[in-house]
Amino acid sequence: MTVGPSGANSDVANFYNGSGKVRVAGKIRDRWGGNLHNGYWHDEDDDASPEVATDRLTDLMIERLAPQAGQRVLDIGCGIGKPAARLLRGHPVDVVGITISESQVAQARAGAAEAGLADRATFEYADAQQMPFPDDSFDAAWALESMFHIPDRNRALAETARVLRPKSRLVIADFVLRGPISEDGLQAVQRICETFGVHTIGPLDDYLAQLASHGFTGPDVLDISDNVARTGNLLADAWEDVRGQLEENGNSDHVDALITATRDFSNTPEFGYVLVSTTLG
Ligand SMILES: C[S@@+](CC[C@H](N)C(=O)[O-])C[C@H]1O[C@@H](n2cnc3c(N)ncnc32)[C@H](O)[C@@H]1O
């Protein structure tokens with residue numbers, strides 16, 4: 001079962017360019033930091049800030065990617081480049097990040113230049129479903145909360161396999177649907193899909209089958225649903241704090257919808273979250 005709208009992904013670009021129904025881009029950056037992904041908390045007593053917890057998730061990705069010196073790493077859906085910068089600071093690799101938001105490309109390039117990483121970091125506007133790279137261009141890749149946005153995930157995985165060299169690692173952080181799905185759960189999932197431009201979400205088994213069909217082997221799955229679950233409520237609290245700014249560009253119904261769908265991330269058990277690490281060939 002796959003839930004969510006299908007077709008073009010211009011809604012995703014609008015969301016990240018800050019030109020959607022509610023202009024969210026950058027509004028909570030001082031509080032959330034530059035990572036556009038979930039936080040990771042060890043347990044209920046862990047009171048790490050979102051900034052620390054989101055860096056932890058990046059660190060889990062880095063650990064599972066196990067990058068080797070000199071590798072060229074593809075960052076599929078790079079956001080504003082904060083995860084790439086963290087990878088680059090700790091490892092002597094080069095990163096090429098792609099995103100379908102022009103605004104993010106500009107921010108990621110500026111951030112890398114400011115951090116003195118521009119010689120090892122390249123950010124480009126590109127769609128993961130049709131990558132502008134020759135075959136066998138990269139030694140490793142990750143997709144940190146980007147695959148769910150992509151209308152044709154199967155095509156994006158085919159493209160990923162094409163541009164990776166044999167034996168490359170691929171690490172994915174993504175949402176999956178967990179059954180059984182209640183009527184309330186289904187409605188919440190649909191609210192999330194509509195509000196956040198989630199085009200593809202389904203059961204883990206479908207995901208693994210798609211990966212296998214493109215030659216990715218030995219998948220290792222880490223279910224961290226409980227560790228990231230706090231993110232939705234914390235993010236919704238942050239939206240509440242900037243409600244005034246959000247309402248300057250969108251009407252209050254749209255802001256209410258954003259906040260409700262954000263809390264749904266925390267309160268919908270059907271919405272699971274996994275890290276999948278695999279190797280090509
Ligand atoms: C939730 S953000 C995650 C950003 C970044 N990985 C991070 O963790 O900070 C999703 C990212 O996926 C990108 N994205 C969505 N659809 C894409 C597509 N079809 N091709 C490339 N990037 C895409 C978005 O532009 C955005 O940068």
Shared hydrophobic cluster, [X] / [Y] (ILVMFWY, side-chain heavy atoms < 4.5 Å):
| X | Y | value |
| --- | --- | --- |
| V95 | L117 | yes |
| L60 | V73 | yes |
| F133 | I150 | yes |
| L222 | I172 | no |
| L204 | L170 | yes |

R165 with D139: basic N within carboxylate O range, under 4.0 Å = yes
Short N-O contact, R56 and D46, less than 4.0 angstrom = yes
Is a side-chain donor or acceptor of [X] paired with a backbone partner of [Y] at a separation under 3.5 angstrom?
| X | Y | answer |
| --- | --- | --- |
| R178 | P269 | yes |
| Q130 | D127 | no |
| R89 | A115 | no |
| R120 | L88 | yes |
| E270 | S182 | yes |
| T278 | G218 | no |
| S101 | A13 | no |
| R109 | F123 | yes |
| N227 | W41 | yes |
| T217 | T279 | yes |

Which value, rounded to the nearest 0.5 Å, describes the distance between [X] atom [atom1] and [Y] atom [atom2]?
| X | Y | atom1 | atom2 | value |
| --- | --- | --- | --- | --- |
| L234 | S266 | CG | OG | 7.0 Å |
| L157 | D152 | CG | CG | 9.0 Å |
| I259 | L235 | CD1 | CG | 9.5 Å |
| D94 | L74 | CG | CG | 12.5 Å |
| M147 | N154 | CE | CG | 10.5 Å |
| N267 | T262 | CG | OG1 | 11.0 Å |

Close side-chain approach of [X] to [Y], heavy-atom, < 4.5 Å:
| X | Y | answer |
| --- | --- | --- |
| W142 | T58 | yes |
| L275 | I224 | yes |
| H214 | L280 | no |
| E145 | V228 | no |
| M131 | R162 | yes |
| V221 | Y207 | no |
| H37 | P83 | yes |
| N35 | L57 | no |

Applying side chain to side chain contact (heavy atoms under 4.5 Å, CB included), run through R72 and S137 and close with a yes or a no.
-> CA-CA 8 Å; R72 187 168 186 242; S137 295; 3.7 Å; yes
For F196 and F148, what are the C-alpha separation, side-chain angles and deciding distance, and is it a ring pair (Phe, Tyr, Trp, His ring centres under 6.0 Å)?
-> CA-CA 10 Å; F196 287 93; F148 62 79; 8.5 Å; no
Apply side-chain hydrogen bond (donor to acceptor under 3.5 Å, both in side chains) to S225 and D223, showing your working.
-> CA-CA 6 Å; S225 309; D223 186 330; 2.5 Å; yes
Apply side-chain hydrogen bond (donor to acceptor under 3.5 Å, both in side chains) to Y273 and N38, showing your working.
-> CA-CA 10 Å; Y273 192 104; N38 279 254; 4.5 Å; no
Measure across D206 and R153 and return the closest heavy-atom pair with its distance rounded to 0.1 Å.
-> C-NH2, 4.2 Å
Criterion side chain to side chain contact (heavy atoms under 4.5 Å, CB included) on D59 and R86, from CA distance to verdict = CA-CA 8 Å; D59 289 345; R86 197 164 175 87; 2.7 Å; yes
Show your working on side chain to side chain contact (heavy atoms under 4.5 Å, CB included) between I76 and E159 and close with a plain yes or no.
-> CA-CA 11 Å; I76 303 166; E159 277 291 89; over 6 Å; no
Are R64 and S277 linked by a side-chain donor-acceptor pair shorter than 3.5 Å?
-> yes
CA sep, side-chain torsions, deciding dist, call: I100, H149, side chain to side chain contact (heavy atoms under 4.5 Å, CB included) = CA-CA 10 Å; I100 52 166; H149 282 310; over 6 Å; no
Using the six-membered ring wherever Trp is involved, compare the ring planes of F175 and F265 and label them parallel, tilted or perpendicular (cut-offs 30° and 60°).
-> tilted
